[in-house]
Amino acid sequence: MEPDGAAADLQGAPWPRALFADPALEVAPRLLGAVVWHGPVGVRLTEVEAYAGGEDPGSHAHRGPTPRAAVMFGPAGHAYVYFSYGMHHCLNVVCGRDGVAGAVLLRAGEVVAGENGARARRDAGRSLTHPARDLARGPARLTQGLGVDLRHNGMDLCAAGATVHVRQGSAPAASRIRTGPRVGVSGPGGDGTAYPWRFWIEGESSVSAYRPGRVVAPRPR
DNA sequence: CGTGCGATTATCT
DNA sequence: GATAATCGCACGC
């Protein structure tokens, strides 16, 4: 971990809203290397996924602006946080024009500041202590490490003084950026390989393990 | 090391 | 009533 003085040097300029206002597919690779902050905790993004609107069957916005997905149709730069599998939170940044659905799911990153706070949340209720690379490895782990939950849904990340916000970080060399199928996305057409909208930085230990979309097995009776 | 499955509840049909 | 943009643990090799 860096001492506090060095952590300040890691803080780049705040991300302007205009960088979120393009389609999610363009914003996603651009976000790799950027740093998400929640108070003292900073996570440098190493893996993200793009989600679009009606034409994207894997998106929550696929069925229109339901109460949950409405944020995805709103202005760029706001947080879309949803509660998943009855116990996990996932954090997205809304992209695209106001009125057009789009978001980038923040899937994984490395903790570059506030490691103790992140670890305290990740270790809570458990007798083991996590290695540094696991503190934000996976979308639900990332929100847990950052301390982000449904209270942050809809928050404007570009507003001055927002507790959750994005700053410039060390962008990876273009040659290290990889793309592939999104994780865990199922539905008609199966495994989601038709939408290779997952982006990650090759060689980063904090990139989450890839698991193909789960096939629904017939239930025994 | 890899694979399989149960947990637990908001959201949508 | 079914499903889910997941995780962590148990088990087998």
Side-chain angles (χ1 to χ4, degrees), chain A residues 24-25 27-29 31-32 36 43 45-73 78-96 101-109 118-119 121-131 133-154 179-200 205-221:
Chain A
L25 204 47
V27 176
L31 267 171
L32 292 173
V36 191
V43 173
L45 298 174
T46 57
E47 182 186 357
V48 298
E49 280 176 3
Y51 287 86
E55 75 280 10
D56 176 3
S59 173
H60 288 167
H62 179 51
R63 314 262 169 174
T66 60
R68 178 177 67 169
V71 185
M72 284 184 72
F73 290 78
H78 288 243
Y80 168 45
V81 182
Y82 66 92
F83 189 59
S84 184
Y85 291 95
M87 64 194 86
H88 300 302
H89 299 281
C90 294
L91 170 62
N92 300 248
V93 184
V94 175
C95 298
V104 173
L105 170 66
L106 310 184
R107 284 198 57 88
R119 177 171 283 116
R121 274 188 292 272
R122 293 276 297 122
D123 289 351
R126 206 168 288 130
S127 58
L128 60 90
T129 183
H130 285 87
R133 71 179 141 263
D134 284 350
L135 293 178
R137 188 190 202 201
R141 292 160 166 178
L142 183 144
T143 56
Q144 190 179 23
L146 275 177
V148 164
D149 56 42
L150 279 178
R151 292 172 306 179
H152 302 97
N153 189 33
T179 70
R182 294 180 297 191
V183 176
V185 176
S186 54
D191 53 11
T193 51
Y195 296 84
W197 291 357
R198 175 179 175 238
F199 299 82
W200 69 94
S205 61
S206 60
V207 173
S208 70
Y210 173 67
R211 293 176 195 159
R214 181 163 157 269
V215 176
V216 182
R219 281 213 302 149
R221 49 140 295 122

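Protein chains get the first letters and strands the later ones, always in sequence-line order, with residue 1 at the start of each.
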Subject >> Over all atoms of both residues, closest heavy-atom pair of A/Ser59 and A/Met72 >> reply: OG-CE, 3.5 Å
Subject >> Side-chain donor-acceptor pair present, A/Arg122, A/Gln144, cut-off under 3.5 Å >> reply: yes
Original post:
Given atom CG of A/Asn153 and atom C1' of C/dA5, what is their separation to the nearest angstrom?
Top reply: 15 Å
Subject >> Those residues that, when tested against A/Glu49, pass salt bridge (charged side-chain N to carboxylate O under 4.0 Å, His left out) (two or more places apart) >> reply: A/Arg107
Subject >> A/His130, nearest nucleotide to its side chain (from C/dG8, C/dT6, C/dA5) >> reply: C/dG8
**OP:** Measure the distance from CG on A/Leu135 to P on C/dG8 and round it to the nearest whole Å.
**Re:** 11 Å
**OP:** For A/Arg122, answer base if it contacts any base atom (sugar-phosphate contacts may also be present), sugar-phosphate if it contacts only those atoms, and nothing otherwise; contact means non-hydrogen atoms under 4.0 Å.
**Re:** sugar-phosphate
Original post:
Between C/dA5, C/dG8, C/dT6, which nucleotide has the shortest distance from any of its atoms to the side chain of A/His88?
Top reply: C/dT6
Original post:
How about A/Tyr195 and A/Asp56: do any of their side-chain heavy atoms sit closer than 4.5 Å?
Top reply: yes
Original post:
In whole Å, what is the span from the CZ atom of A/Arg141 to the C1' atom of C/dC9?
Top reply: 12 Å
Original post:
What is the distance, rounded to the nearest whole Å, between atom OH of A/Tyr82 and atom P of C/dT3?
Top reply: 18 Å
Subject >> A/Arg133 CZ: over 12 foreign heavy atoms closer than 6.0 Å >> reply: no
Original post:
Can you name the residues that form a ring pair (Phe, Tyr, Trp, His ring centres under 6.0 Å) with A/His62, not counting sequence neighbours?
Top reply: none
Interface polar pairs with nucleotides 11-13 of chain C, N/O, under 3.5 angstrom:
none

**OP:** Quick one: closest heavy-atom pair of A/Ala61 and A/Ala52, and the distance?
**Re:** CB-O, 3.9 Å
Original post:
Can you tell which of A/Phe83, A/Tyr82, A/Tyr51, A/Phe73 makes a ring-ring contact (aromatic ring centres under 6.0 Å, His included) with A/His60?
Top reply: A/Tyr82
**OP:** Looking only at non-hydrogen atoms, find the nearest pair between A/Leu150 and A/Val81 and report the distance.
**Re:** CD2-O, 3.5 Å
**OP:** Let me know the distance between CZ of A/Arg121 and C1' of C/dC7, rounded to the nearest Å.
**Re:** 18 Å
**OP:** Measure the distance from CD on A/Glu47 to P on C/dA5 and round it to the nearest whole Å.
**Re:** 16 Å
**OP:** Mind checking which stems touch DNA chain C? I mean at least 3 consecutive Watson-Crick or G-U pairs, both distances under 3.5 Å.
**Re:** B:1-7 with C:6-12, B:9-12 with C:1-4
Original post:
How many Å lie between CG on A/Leu106 and C1' on C/dA5, as a whole number?
Top reply: 12 Å
Original post:
Who passes salt bridge (charged side-chain N to carboxylate O under 4.0 Å, His left out) against A/Arg126, sequence neighbours left out?
Top reply: none
**OP:** Mark up nucleotides 8-13 of chain B, 5' to 3', with B wherever a protein heavy atom is under 4.0 angstrom from a base atom, S wherever such an atom reaches only the sugar-phosphate, and - elsewhere.
**Re:** BBSSSS
Original post:
To the nearest Å, how far apart are A/Tyr80 OH and C/dA5 P?
Top reply: 9 Å
**OP:** For the residue pair A/Val71 and A/Asn92, establish whether any side-chain heavy-atom pair is separated by less than 4.5 Å.
**Re:** no
